[in-house]
Amino acid sequence: MKRTITLITLIAALFVPTLAIAQHRSPKSVMRLSHFKAPAASQLRAEEEPIMDVPEGILHDNMYASSFAYGLGWGDIYIQDVDGGIGKVVEGTDGNLYIYNPISQGYIWFSILPWIKAEPAGDGKFVVKLPQLYILDYGDPYYAYSMHYDEEEGMPVVEEEGEIEFTWQDGVLTQLGDKFIGLCDATADWFYMADQHIVYAPQTDEPIELTDDMYYIQSYTMTYLSNPDDLTMTKDRIVNVVIDGEDIYMGNLNNNNPTSFIKGTLVDGKATFPTRQYLGVDAYYNGHIYVLTGDAFVDTETYGSPVFNYNLNDEIVFNVDEEARNIVAEWPASLITNVGPSTLSIISDYVAPGLVAFDEFPATPATPIFTDGDITVNQNAGWVVLHFTIPTVDVDGNKLNENKLYYNILLDDQVFTFNPETYIGLSDAMTDIPYKFEDNINFDIYMSNGRHTVYIYTTDFAAVGVQSFYTAGGEVNRSEIAYVNNPIEPSGINEVAAGKQITDIHYYDLTGRELPSAPSTGLFLQHVNYSDGSCATIKVVR
């Protein structure tokens with residue numbers, strides 16, 4: 001397997017989960033279905049394919065999704081009021097309605113999410129006829145089924161066939177009745193994910209986005225409490241602040257909405273920010289992101305170990321010393337980035353945040369760091385996994401503004417460009433990678449606990465290097481290049497010797513798992529062996 005990225009450490013196990021009601025602090029996990037059950041033998045029905053591409057028609061994008069959902073966690077079935085998921089609807093050119101990802105909006109369990117079809121039934125109504133093929137996971141089919149709640153079972157049960165009605169009026173999709181849309185394997189065995197009372201509505205909130213050409217944006221170091229067991233422990237984050245008369249703005253509170261700000265008023269040395277301010281869409285969390293305000297307390301009961309929990313309120317008040325350039329909120333005042341504006345589904349929480357102006361200056365960043373085992377090569381599949389650390393200090397140990405820190409990958413002495421044809425999670429080619437950037441679709445580039453991981457889909461290089469650069473103070477200053485050697489010899493993929501013949505061909509997905517045949521669509525790796533003993537691995541897109 002190439003990798004599995006989760007927001008918590010998960011241990012694969014097969015089990016029947018217990019039922020629990022949970023308030024999610026980290027709302028999403030990216031996971032494979034086979035983490036939870038052994039996949040059933042493929043029973044794909046003839047001529048069926050899941051709907052993965054956006055259907056032709058009128059797209060209603062980034063809608064606001066809500067539902068009541070069952071979702072599968074490790075050891076528990078979670079019951080959750082989903083608030084602030086990302087919904088999409090297509091009014092198809094074929095007269096059908098297509099609904100994006102209606103099952104368990106509270107979870108992300110695939111990189112690319114599917115659609116289901118609803119057929120017109122007159123009077124603004126549409127009917128989803130179930131079962132429908134929902135998605136393929138490593139060739140194993142999973143279906144959307146109709147389900148109803150069973151009092152004796154204490155949970156939804158699968159119906160062999162069923163219909164679920166929706167209305168589509170004034171751009172709002174509303175489920176009728178109390179049935180669930182549930183996820184099942186090819187034997188109609190439920191995967192403990194199901195939703196009812198689904199509503200997709202237009203998102204009317206707009207984020208406040210500010211740029212340097214609009215205002216003078218000052219960087220601040222925000223220090224906040226990080227450990228409910230020890231209220232002296234803190235973490236730091238660089239945030240952006242704009243002061244414009246009685247208006248004050250604070251930004252970079254969520255990694256995937258760095259240019260979005262919340263707005264407050266500055267009067268008599270007090271900065272007051274109202275709650276429920278919208279930052280925008282975050283595809284990683286499959287949600288509409290809001291900043292909430294609340295008073296923190298140490299909760300020792302809900303989760304069995306101490307966590308920060310919150311009594312939500314209407315505003316947070318900071319004391320502002322403009323001369324000292326300090327902006328401080330006293331305990332227990334807190335800022336919370338959250339999926340949706342109502343139910344706690346926390347991404348990040350900043351407890352008793354205190355801000356101090358961060359003076360930027362030109363600086364040369366310290367050299368990136370490799371350690372033993374930081375390069376792994378899958379020669380058969382033709383890709384390399386690279387791990388490294390980029391120091392967030394300069395060569396003299398002074399702290400840098402992470403928002404102005406970037407890096408390049410070099411294969412031998414050539415700077416590498418990440419192209420969207422290969423890196424399907426990118427919309428545009430990238431050479432200069434922001435320090436905090438993560439590919440939230442295919443996870444080819446991501447960061448965990450301060451360590452960066454990058455996938456390189458070639459093995460034809462002698463060494464791979466990383467160089468960081470810093471753009472503060474009107475200058476661009478580069479670190480030294482850190483290199484790590486390729487543990488294998490370059491494979492000569494691009495060499496084609498005259499007269500040699502193909503002896504066999506193997507096909508792999510991007511995780512390195514061998515496939516029985518070449519897929520008809522999608523992205524895969526083709527490994528060719530030749531009669532002279534040489535081989536070649538190429539990436540194929542269909």
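What's counted below: heavy atoms across the whole structure, side chains too, no hydrogens, waters or symmetry copies.
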Derivation of the side-chain contact (heavy atoms from CB on, under 4.5 Å) call for T293 and I336: CA-CA 6 Å; T293 64; I336 304 155; over 6 Å; no
Run the numbers on Y406 and Y470 for ring pair (Phe, Tyr, Trp, His ring centres under 6.0 Å), then give the verdict. CA-CA 6 Å; Y406 300 78; Y470 191 55; 9.2 Å; no
Working for ring pair (Phe, Tyr, Trp, His ring centres under 6.0 Å), residues F273 and F318: CA-CA 8 Å; F273 292 86; F318 290 82; 5.8 Å; yes
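Inspection of the T221 and D236 side chains reveals no N or O donor paired with an N or O acceptor under 3.5 Å. A donor atom on one side chain and an acceptor atom on the other are found under 3.5 Å apart for S219 and E360. In summary, the side chains of Y220 and Q218 do not present any donor paired with an acceptor at a separation below 3.5 Å, with no hydrogens or angles considered.
A ring-centre distance under 6.0 Å is not found for Y446 and H452. Between F191 and Y142, the ring center distance clears the sub-6.0 Å criterion. Ring centroids of Y423 and Y455 are separated by 6.0 Å or more, keeping the two rings apart. In this structure, Y100 has its ring center at least 6.0 angstrom away from the ring center of Y200.
Using the six-membered ring where Trp is involved, F68 and Y70 have ring planes that are perpendicular, over 60° apart on the 30 and 60° scheme. Aromatic ring pairs are classed by plane angle as parallel below 30°, tilted from 30° to 60° and perpendicular above 60°; the pair W190 and Y192 is tilted.
With D170 contributing its side chain and V172 its backbone, the two residues share no donor-acceptor pair below 3.5 Å. The main-chain N or O of G182 is never found under 3.5 Å from a side-chain atom of Y134 such that the two would form a donor-acceptor pair.
Under the 4.0 Å criterion applied to side-chain N and carboxylate O atoms, D244 and K263 are not assigned as salt-bridge partners. Salt bridge present: R451 and D374 bring a charged side-chain N and a carboxylate O closer than 4.0 Å.
Every residue two or more places apart in sequence or in another chain was checked for a salt bridge (Lys or Arg N to Asp or Glu O under 4.0 Å) with K270, and none qualifies. Remark: D432 pairs with no residue by the salt bridge (Lys or Arg N to Asp or Glu O under 4.0 Å) rule, at least two apart or across chains.
Within the structure, the ring pair (Phe, Tyr, Trp, His ring centres under 6.0 Å) test picks out the following pairs touching residues 344-371 (sequence neighbours left out): Y224-Y350.
A cation-pi arrangement, defined by a distance under 6.0 Å to the six-membered ring centre and an angle within 45 degrees of its axis, is absent between R276 and Y290.
Heavy atoms from other residues, nucleotides or ligands lying under 6.0 Å from NZ of K235 number 12 at most.
The two atoms that bring I103 and A194 nearest to each other are CG2-N, 4.3 Å, heavy atoms only.
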